[in-house]
Amino acid sequence: MTRPDARAGRSLDGDWQVIVDPFDHGRIDYQSRPTEEFAAERVRTGPADRVEHEFSDQHTLSVPGDWNSQRDDLFYYEGAVWYRRTFDAPPAAGERAFLHFGGANRVARVWINGQFLGRHDLGFTPFEFEVTQHLRAGENAVVVSVDNRRAPDAVPGMMYDWWNYGGITRSVRLITVPETFVKTLHAGLDPLDPTRIAVRARIDGPDRGVPVRVEIPGLALSGAFTPGADGTVEAAFRVPDALERWSPERPMLYEVTLRAGTDTLSERVGFRTIETRGGDILLNGERVFLRGICIHEEAPDRPGRASGPKDAATLLGWAKDLGCNFVRLAHYPHNEAMARAADEMGLLVWAEVPVYWTLDYANPETLDQAKGHLREMVERDRSRASVIIWSVGNETGDAPERTEFRRALGAYAKELDPTRLLSAALFARQIRDEDGTLTRLHVDDPFGAVADVLSINEYVGWYHDQPEDILGVEVTLAWDKPFVISETGAGVKRGLRGDASEVWTEEFGVRFYEAQLAWAESVPLLDGISPWILKDFRSPRRPLYGVQDWYNRKGLIDETGQRKLVFDTVRSFYARWAEGGAAPNEKRP
Ligand code: GCU
């Protein structure tokens, strides 16, 4: 459903009663037979009652929010937590009601008034259930079990460098719509003919075939269109001369409104083209150099998961302060507010599914899960002008079954949305001379044959070599395609001062970025760079007491929102590169 935030209804955010359930007592009995112990409406009625569980206002968690950062006893918890809340929603005649979740990590099962609605196994994309038939006058009860346990056949898999935040991590909304309503609405420039605006929608309900009106008042465009038998609307308009294309410098958005019967839905859309030509990325036909930063979905001003427009505005505001025109939203679909904020603020976006390091690549169910992430991310964000790259992997390695997996995912991405560029964060081959000096980075990961943009993560000067060893390193590509450094970075403990030879010091960080970025502007093939990472983030792989304390410290900003010296180092390079909008390097003739 498009624009759940704008739909009539009510928020179900706030405190939910919870029961922590490490052994799935709420779902299976002592013989491991399925039960619905916690979801049923059977609750303890009094001290004599022998029910051994109850939801109570003394044990709650805030929604949206992960449980790890809300309760010390749940910091490391991987397991199931049951949530419950009630609401009064007398069903209104002629209306339909949906329970919409912005996201929950990882496996969510949902009941309403004791009736099982379904499950959703992906931890970073929205899901919803129609509840029209289940609502009752007076009090209604929603019960949700969320299980964040990792699984070897899941996406992501068992090993990753971010915290496994569990819970209902994004907003919940009870949405009410007319019997016939606009379920989805997407708009953009037609990639096959940028002189046309394409508007696609799905009308749902008994009157889905009735003609609809599409209006773009900012361009004085409107028209009536008749949906297909299945309720799909394909509308098109010639682009008027007055159209101002969207760009980071001029993030122009237009209201696109669709009226279907008594329902009206509007989207704010930017119109732009994105393509590659040889080794260049072209935005609206002009070469663009991506001055980026990577971002994990962590709140800027408190521990735990980010969510909502306020967090998005702060995080992307920091990226703008840095001088970015590009952000890489790693390593999974971020909450919906991020791409919407990027549209408004003028930032190009790399969006990614958590196909990360080692998965069960030979398992068709794992590929289905990866496709599910991609499908739900594209369905949600395909109208966002800011999103220019769909990434289907990060450092997966290039063994044959891994490449086959990524190829299948890449083909699926193109099938879902041929209008955007395809990439994945790859490893480069390190070529060294006889005394071990790094002389060349060669990009020939077989996924590069299907990618539109070649991207590599490189940590020359942090995980190996010294920072200055990157200077003079040549880059060669197995294909004539755009090339981006999708990650590079070094750990810095903010406030730790010392000699630039000492890792973790502020001085070492400055030394690292002065070398990396001086090198970057000398690489003739380069089309962009997104250092790792905007802000220090929680990771179960970073225990170093007194330095990391379960944070990955490659942020330009620390976990409390305080900037490190490296923030200014990167900013100074970006400011120089942005002068006159030129790229730091003259591309090959
Ligand atoms: C890898 C990986 C990141 C990780 C980073 C690091 O490239 O993509 O998820 O956090 O390097 O080692 O800090």
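As a basis for the values below, the full set of heavy atoms in this structure was taken, side chains included, without hydrogen atoms, waters or symmetry mates.
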| request: Before giving the answer on salt bridge (charged side-chain N to carboxylate O under 4.0 Å, His left out), spell out for D301 and K535 the whole-Å C-alpha distance, their side-chain angles and the decisive distance to 0.1 Å. | output: CA-CA 11 Å; D301 58 355; K535 178 180 117 21; over 6 Å; no
| Taking every non-hydrogen atom, the tightest pair across I388 and R420 |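 That closest heavy-atom pairing would be O-CB, 3.7 Å.
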| remark: Correct closest heavy-atom pair for V473 and L438 would be CG2-O, 3.7 Å
| task | Answer yes or no: are there more than 12 heavy-atom neighbours, outside E286 itself, under 6.0 Å from its atom CD? | result |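 No - once you tally the heavy atoms of other residues, nucleotides and ligands closer than 6.0 Å, there are 12 at most.
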| message | Looking at D241, I want to see if its CG is surrounded by more than 12 non-hydrogen atoms of other residues, nucleotides or ligands under 6.0 Å. | response |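 Atom CG in D241 is not crowded, with 12 or fewer foreign heavy atoms closer than 6.0 Å.
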| task | Name all pairs fulfilling the ring-ring contact (aromatic ring centres under 6.0 Å, His included) condition that reach into residues 376-422, sequence neighbours left out, sorted by first residue then second. | result | Y361-F405
| said: Suppose the criterion is ring-ring contact (aromatic ring centres under 6.0 Å, His included): which pairs have a residue in residues 301-339, not counting sequence neighbours? | reply: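 Checked against ring-ring contact (aromatic ring centres under 6.0 Å, His included) - neighbours excluded - the pairs reaching residues 301-339 are F124-Y332, W162-H331, W162-Y332, H296-H331, H296-Y332, H331-Y356, H331-W532, Y332-H334.
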Could you work out, with side-chain hydrogen bond (donor to acceptor under 3.5 Å, both in side chains) as the rule, every residue matching [X], not counting sequence neighbours?
{"X": "E244", "answer": "R250"}
{"X": "N552", "answer": "D161"}
{"X": "E344", "answer": "R268"}

Can you sort out the partners of [X] under side-chain contact (heavy atoms from CB on, under 4.5 Å), two or more places apart, ordered by chain and number?
{"X": "T358", "answer": "R402"}
{"X": "T505", "answer": "L496, E502, E507, F508"}
{"X": "L544", "answer": "W504, V547, Q548"}
{"X": "A313", "answer": "none"}

| said: Check this for me: does any side-chain nitrogen of one of D417 and R375 sit under 4.0 Å from a carboxylate oxygen of the other? | reply: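 Salt bridge between D417 and R375, a charged N being under 4.0 Å from a carboxylate O: no.
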| field | Carboxylate-amine/guanidinium contact K493 E506, below 4.0 Å | value |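 So K493 does not pair with E506 through a salt bridge.
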| query | Under the ring-ring contact (aromatic ring centres under 6.0 Å, His included) test, which residues partner F271, sequence neighbours left out? | reply |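 ring-ring contact (aromatic ring centres under 6.0 Å, His included) list for F271, sorted by chain: Y254.
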| Which residue, R407, R429, R406, K481, forms the salt bridge (Lys or Arg N to Asp or Glu O under 4.0 Å) with D445? |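 Going through the options one by one, the only one that passes is R406.
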| field | Proximity of F75 and W163 rings by center, below 6.0 Å | value | yes
| Which residue pairs satisfy the salt bridge (Lys or Arg N to Asp or Glu O under 4.0 Å) criterion with at least one member in residues 322-332, sequence neighbours excluded? |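 Residue pairs passing salt bridge (Lys or Arg N to Asp or Glu O under 4.0 Å), neighbours aside: R328-E352, R328-E487.
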| query | With D153, which residues qualify under salt bridge (charged side-chain N to carboxylate O under 4.0 Å, His left out), at least two apart? | reply |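 Once residues adjacent in sequence are excluded, D153 has no partner under the salt bridge (charged side-chain N to carboxylate O under 4.0 Å, His left out) criterion.
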